[in-house]
J.: 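Below is the structure I would like to discuss, written out as structure tokens.
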2 protein chains.
Amino acid sequence: MEHRIDRIKKQLHAQSYKLTPQREATVRVLLEREEDHLSAENVFLLVKEKAPEIGLATVYRTLELLSELKIVDKINFGDGVSRYDLRKEGAEHFHHHLVCIECGSVEEIVDDLLEDVEKIVQDDWGFQVKDHRLTFHGICKQCQKAAVKTST
Amino acid sequence: MEHRIDRIKKQLHAQSYKLTPQREATVRVLLEREEDHLSAENVFLLVKEKAPEIGLATVYRTLELLSELKIVDKINFGDGVSRYDLRKEGAEHFHHHLVCIECGSVEEIVDDLLEDVEKIVQDDWGFQVKDHRLTFHGICKQCQKAAVKTST
DNA sequence: ATTTATATTTATAATAATTATAATATAAGT
DNA sequence: ACTTATATTATAATTATTATAAATATAAAT
């Protein structure tokens, strides 16, 4: 964990930003809850436990900054709230998501499934791809099982 | 155009909703601006030209309804506004988007590029895919050309 | 054609997420 | 320690969206 904080600190310094205590607390929360997809509000509440004096606007600003530096990705599942997701270390690309329409759970797929598709977009449409967002909506394993049980 | 309005009318009636004048005006705007990706506000202003007495909330409600009936797709490019996009006739799936990070233009890809990927998700992750959203961020043809010109 | 029940709209207020502002505090470099 | 630029806090403002209640329109049944 300290290692990753250090790296992020360097990334900030490289652009002459500081890793203030508030920013560090925010990053720590993101690291601790890496599997989750926290909204700004979520992050704020969690950071508040570590650093009660922090303001919501600071969290927003920090997330925005981290987003610009590509340390986190800002995602939107269409529920009116932005969510913030640490980029995996060394991940060039955004990872994909599986959103369950039954229970709302969100799974991540880190594999890059889109190499072929990107090639098509590049070659056939002349569009130079920099990044992508892919979300599948459907029914997760658990909910499929539950459905089978109920129907018997 | 009248043909498509008729079809939408039937889709509404099938769920015992009515095609009120306000709803019709809204649908007409969506049809006329099919290539665009209008926000609710955009739609509202355009509908107001046809039917000045319409209220913003009605537009929101209509778009929500059309969205539930899968007549339009509600999309979000991460700029804090929902956009509404008519489904192509007969299109089972959501279409994909190419968003230019230079000029902000949005192109559509109607082909289904994801059949193989969906199969992987289904087989390897046990996730039953119902729909997907795929957006590429990058540089469009026009901006690529412009960049070449500038750099010479 | 009238009545009745239901669906829809309008106008307005409320909410929720996010961003801007001004005053204050902090950190880094001299 | 002092200066300067940057960041934070607390608060207000903005923006998008949703809820509410009263009024209106519509369709079905008489």
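Proteins get letters first, then strands, A, B, ... in listed order; numbering begins at 1 in each.
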J.: One pair to check against side-chain hydrogen bond (donor to acceptor under 3.5 Å, both in side chains): Asp85(B) and His95(B). What are the steps and the verdict?
T.: CA-CA 10 Å; Asp85(B) 222 358; His95(B) 50 269; 2.9 Å; yes
J.: Please state whether the phosphate of dT26(C), meaning OP1 or OP2, lies under 4.0 angstrom from any side-chain nitrogen or oxygen of Gln22(A).
T.: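 For dT26(C), OP1/OP2 do not have a side-chain N/O of Gln22(A) under 4.0 Å.
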J.: Pairs in or reaching into residues 127-146 of chain B: which pass ring-ring contact (aromatic ring centres under 6.0 Å, His included), with residues at least two apart or in two chains?
T.: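 Matches after skipping sequence neighbours: His93(B)-His132(B), His96(B)-His132(B).
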J.: Once you apply the 3.5 Å cut-off to both distances, tell me the Watson-Crick or G-U wobble partner of dT15(C), or none.
T.: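 Check on dT15(C): paired to dA16(D), both distances under 3.5 Å.
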J.: Rounded to the nearest Å, what distance is computed from the CD atom of residue Glu24(B) to the C1' atom of nucleotide dT9(C)?
T.: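 Answer to the nearest Å: 16 Å.
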J.: Please list, by residue number, the residues of residues 52-70 of chain B whose heavy atoms come closer than 4.0 Å to an atom of DNA chain D; answer none if no residue qualifies.
T.: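 The stretch gives Leu56(B), Ala57(B), Tyr60(B) as the residues lying under 4.0 Å from the strand, ordered by number.
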J.: Expressed in angstrom and rounded to an integer, what is the separation of Tyr17(A) atom OH from dT6(D) atom P?
T.: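 Computing the Tyr17(A):OH to dT6(D):P distance gives 9 Å.
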J.: Using atom CG of Leu38(A) as one end and atom P of dT18(C) as the other, report the distance to the nearest whole Å.
T.: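 Computing the Leu38(A):CG to dT18(C):P distance gives 13 Å.
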J.: Without decimals, in angstroms, what is the distance between Phe44(A) CZ and dT9(D) C1'?
T.: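 Checked: the CZ to C1' distance equals 11 Å.
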J.: Charged N to carboxylate O below 4.0 Å: is that the case for Glu53(A) and Lys48(A)?
T.: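 A salt bridge is absent here (no side-chain N lies under 4.0 Å from a carboxylate O).
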J.: I need the full list of salt bridge (Lys or Arg N to Asp or Glu O under 4.0 Å) pairs touching residues 96-115 of chain A, with sequence neighbours left out, sorted by first then second residue.
T.: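 The answer is Lys88(A)-Glu108(A).
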J.: Once you round it to whole Å, what is the distance between P of dA27(C) and NZ of Lys9(A)?
T.: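 My rounded result for the distance is 11 Å.
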J.: According to a hydrophobic-cluster definition based on side-chain heavy atoms being under 4.5 Å apart (Ile, Leu, Val, Met, Phe, Trp, Tyr only), do Ile5(B) and Leu46(B) belong together?
T.: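 Yes, because Ile5(B) and Leu46(B) connect within a single hydrophobic cluster, where side-chain heavy atoms sit under 4.5 Å apart.
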J.: Hey, what are the protein-to-nucleotides 22-29 of chain D N/O distances that come in under 3.5 Å?
T.:
none

J.: Go through it in stages, so that I can follow the logic: the residues are Lys74(B) and Glu64(B), the test is salt bridge (Lys or Arg N to Asp or Glu O under 4.0 Å), and I'd like the CA-CA distance, side-chain angles, deciding distance and then a yes or no.
T.: CA-CA 8 Å; Lys74(B) 188 175 178 181; Glu64(B) 195 56 38; 3.5 Å; yes
J.: Between Asp79(A) (CG) and dA16(C) (P), how many Å, whole number?
T.: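 That distance rounds to 14 Å.
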J.: Going by number, which of residues 27-36 of chain B have a non-hydrogen atom under 4.0 Å from DNA chain D?
T.: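 Contacting residues: none.
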J.: What I want to check is whether the side chains of His37(B) and Asn42(B) have a donor and an acceptor closer together than 3.5 Å.
T.: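 Their side chains do not contain a donor-acceptor pair, so the 3.5 Å distance test is not met.
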J.: Just how far is it from atom NZ of Lys141(B) to atom SG of Cys100(B), taken to the nearest 0.5 Å?
T.: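 Reported value, rounded in 0.5 Å steps: 13.0 Å.
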J.: Which pairs pass salt bridge (Lys or Arg N to Asp or Glu O under 4.0 Å) with one or both residues in residues 29-40 of chain A, sequence neighbours excluded?
T.: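 Qualifying pairs: Arg4(A)-Glu34(A), Glu32(A)-Lys50(A), Arg33(A)-Asp36(A).
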J.: Rounded to whole Å, how long is the line connecting atom CG of Asn76(B) with atom P of dT17(D)?
T.: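 Rounded to whole Å, this separation is 8 Å.
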J.: Using whole Å, what does the distance between atom C1' of nucleotide dT19(C) and atom CD of Glu41(A) come to?
T.: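 Computing the Glu41(A):CD to dT19(C):C1' distance gives 15 Å.
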J.: How close do Thr26(B) and Val47(B) get, counting heavy atoms only, and between which atoms?
T.: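 Closest approach of Thr26(B) to Val47(B): CA-CG2, 3.7 Å.
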J.: Hey, does Ser16(B) reach any base, or is it just sugar-phosphate, or nothing, if we go heavy atoms under 4.0 Å?
T.: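 The answer is nothing, as Ser16(B) stays clear of every strand by at least 4.0 Å.
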J.: Answer yes or no: are there more than 12 heavy-atom neighbours, outside Phe77(B) itself, under 6.0 Å from its atom CZ?
T.: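 For Phe77(B), atom CZ is crowded (more than 12 foreign heavy atoms under 6.0 Å).
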